[in-house]
There are 2 protein chains.
Amino acid sequence: MTALNERKQKILHAVVTDYIVTAEPVGSRTVSRRYHTDLSAATIRNEMADLEELGYLTQPHTSAGRIPSQQGYRFYVDSLMGVAPLAPEEEKYLSGVYLQLRKMKEIDQIIQHTAKALSLITNYTSLVLGPQLRRSTLKQLHLVPLSEERALVVLITDTGFIKNKIIELPQALNEDELSRIVGYLNEQLAGKSIELLSAAQLKQLRSELFHKMDLLEQMLLLLDESSSESESRVFLGGTSNILNQPEFKDLEKVKHLLALFEEGERLSFMLETTMDGVSIRIGTENRLSEMNECSLVTATYMLHDRPVGAIGVLGPTRMEYAKVVTVIEKISNKLNHLLDVL
Amino acid sequence: MTALNERKQKILHAVVTDYIVTAEPVGSRTVSRRYHTDLSAATIRNEMADLEELGYLTQPHTSAGRIPSQQGYRFYVDSLMGVAPLAPEEEKYLSGVYLQLRKMKEIDQIIQHTAKALSLITNYTSLVLGPQLRRSTLKQLHLVPLSEERALVVLITDTGFIKNKIIELPQALNEDELSRIVGYLNEQLAGKSIELLSAAQLKQLRSELFHKMDLLEQMLLLLDESSSESESRVFLGGTSNILNQPEFKDLEKVKHLLALFEEGERLSFMLETTMDGVSIRIGTENRLSEMNECSLVTATYMLHDRPVGAIGVLGPTRMEYAKVVTVIEKISNKLNHLLDVL
DNA sequence: TTTAGCACTCTAAACTTACGAGTGCTAAAC
DNA sequence: GTTTAGCACTCGTAAGTTTAGAGTGCTAAA
């Protein structure tokens, strides 16, 4: 792939940015007039023909303007686009949201409001992956007796996540024994990453406490569940925003996307795969076929310097990448700060 | 409003059922041929003109067939429609789902799977309102010390619902005092309906324990939150199903509905308002303007003979009412049985 | 190397036409 | 008096037709 000279880059930049706002194929005349006054339309025309040959632009049909190809967007995102600052009122809005959130410590609320803010400010659909149990560290394990036969296991992580489960007690146990077991488990497990609680380690524990099998099994089951994938806590915001995009006037595409939105598993997979910095996946770079005409911008957020979750914005490939990246960075930062205090 | 003679009722029935499956205006010829061979099209025509005059049918335009008006659907639902039995494979599917669910005691999973089953079997969008804290009875209140300054309050209801909240401890308290307070609160509150924990009662508690203000305030706050509306736990299933309905080929309508789907508050309001038996609300009978072209069939489900939540199916006014009612009844029953064991 | 000019292409929108399903009315039949 | 056949009329949809205009590629001159 030949490197693009500066002029071609400028023209590509013009086509991409214009198409992003207008959603209409961009003609040589438009580029010449609106972006690059010192060249004639004819010259632009030649360059655009070259850019098409090189794979950066395509023509919907013979006598229409050009639109960026996936490769075109990729080049734009990698080398061309600058930083789009937020409007003052957008900044203000975000600050307001996170000032509010500082008061409520419920992680679910934080996540949900983040999804809402993200979609509101970008006008796209937002996805937020809640702190993954798997990526958290066990802080404390508690056993709250409920009755003779039942107890509540409370699992608390450093991410502030709390998971409950009711278990059946073997009747043979008295209170002392119980608290001894719990104490022992805490000793052994506290501070360990839930993901890294390897099968081996759990197995060892199992054998160490083999005489209290029943009880232990149940508590360990909770851990197993926690470290498994099944926890797909993805929150969406602004799902109706996709309908604002002209590329989704086709109901079939919308239907597929909406159906995808209900599949938490697959969504969280999309968000989990990129686990550092801001990532942009364009069109078919997303593995899911439903998203072949979409782009997904994601970033992770941290707790204690470890990535524990992710936020993302889903829009058409014709997306305002620069702005979205700014917003994503800003929000993931705010989220980091917010969680640090937690 | 004149009562309809039997023939008119038969014709109205024919028009409604035909329109429900075809989504096309129904002509006199169709009724005569497909439903009522012993009368000519001309006769049907006259009757249909009458039915229109009476407000049960409308014409989209002068020379088209008739479609049921809202009043027409209402009459159909109240007096005409019979009981639609489920297909054996549908029965089997439902039994399978609830056999599975019997194993997992997590209320959230039960709710979510119910939503999924409901939408899958009806091909409409389903709404499920989780057990309302407000409608539950307090079973136990626990305080789990986390550190010097923090503790976890665990609130357990008879509906199996568990709510956690982290509170800050006033340092002046030692463990004994804590457990005494918690013991006292349990004594006072256990078995009480959370909704009926009146402001007065809470106030009394506040004064009784006024010297431990700080701590108490925080625990009572949890109760306040629980009894307030803010808990809008509505789960949706099959949101993409609305796009299968020809009446929603218009993107604007879909957009409004999708946006509504994100407003948990308003949705749960819709479900809460009908709190006994199966209720059918057609078109503008729903208060929300977004739902003026939809029908909502809802039913409550019970725990210990008290309604604690609701399930619902949302579709176009041209809905398979008979089948939906059967499904809703069946599922709410299964849910009742499932929760009884809990 | 750039640009003006021009013939050519192709879509989208506007307009026309044709078809057919369905109606309401009238007058005859039961 | 009720039912039905017949018929002229309405109106929306779908299928063609036309037109306008935006944009292109190519050629030849600057």
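None of the values given here were measured: they were computed from a predicted structure. Within every chain, numbering begins at 1; the chains are lettered A, B, ... in the order of the sequence lines, protein sequences first and strands thereafter.
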Gln59(A) has its side chain closest, among dT2(C), dT24(D), dT23(C), to dT24(D)
Atom CG of Asp50(B) and atom C1' of dT23(C): how far apart are they, to the nearest Å? 14 Å
Rounding to a whole Å, what distance do you find between Leu57(A):CG and dG25(D):C1'? 16 Å
Once you round it to whole Å, what is the distance between P of dC30(C) and CG of Asp38(B)? 18 Å
Using 0.5 Å steps for rounding, measure from the CG atom of Leu296(A) to the CZ atom of Arg287(A). 11.5 Å
Rounded to whole Å, please give me the gap between CG in Leu39(B) and C1' in dA29(C). 16 Å
Is there a donor on the side chain of Arg29(A) or the base of dG23(D) sitting less than 3.5 Å from an acceptor on the other? no
Indicate yes or no: at least one non-hydrogen side-chain atom of Lys323(A) is less than 4.5 angstrom from one of Thr122(A). no
With a 3.5 Å distance limit and no angle check, can you tell me whether Ser69(B) reaches the backbone of Tyr56(B) through a side-chain donor-acceptor pair? yes
Is there a donor-acceptor pair closer than 3.5 Å between any side-chain N or O of Glu90(A) and the backbone N or O of Ala87(A)? yes
How close or far is atom P of dT24(D) from atom CD of Glu53(A), stated in whole angstroms? 16 Å
Rounded interatomic separation in angstrom, taking CZ from Arg66(A) and C1' from dG25(D): 10 Å
At under 4.0 Å between heavy atoms, which parts of nucleotides 8-20 of chain C does protein reach? Answer with one letter per nucleotide, 5' to 3': B base, S sugar-phosphate only, - none. -BBS---------
Counting Watson-Crick and G-U wobble pairs only, both distances under 3.5 Å, name the nucleotide matched with dA28(D), or none. dT3(C)
Just how far, in rounded Å, is P of dT4(D) from CG of Asn46(B)? 10 Å
Closest-nucleotide 5' rank along DNA chain D - winner of Glu47(B) and Pro25(A): Glu47(B)
Nearest 0.5 angstrom please: Arg266(A) CZ to Ser268(A) OG, how far? 11.0 Å
Do NZ/NE/NH1/NH2 and the carboxylate oxygens of Glu285(A) and Arg74(A) come within less than 4.0 Å? yes
Any-strand Watson-Crick or G-U partner of dT17(C), both distances under 3.5 Å: dA14(D)
Over 60° means perpendicular and under 30° means parallel, so tell me whether Tyr321(A) and Tyr73(A) are parallel, tilted or perpendicular. tilted
Would you indicate which nucleotide in dG25(D), dT3(C), dG22(C) comes nearest to any side-chain atom of Thr30(B)? dG22(C)
Does dA21(C) have OP1 or OP2 under 4.0 Å away from a side-chain N or O of Arg45(B)? no
To the nearest Å, how far apart are Asp18(A) CG and dG23(D) P? 10 Å
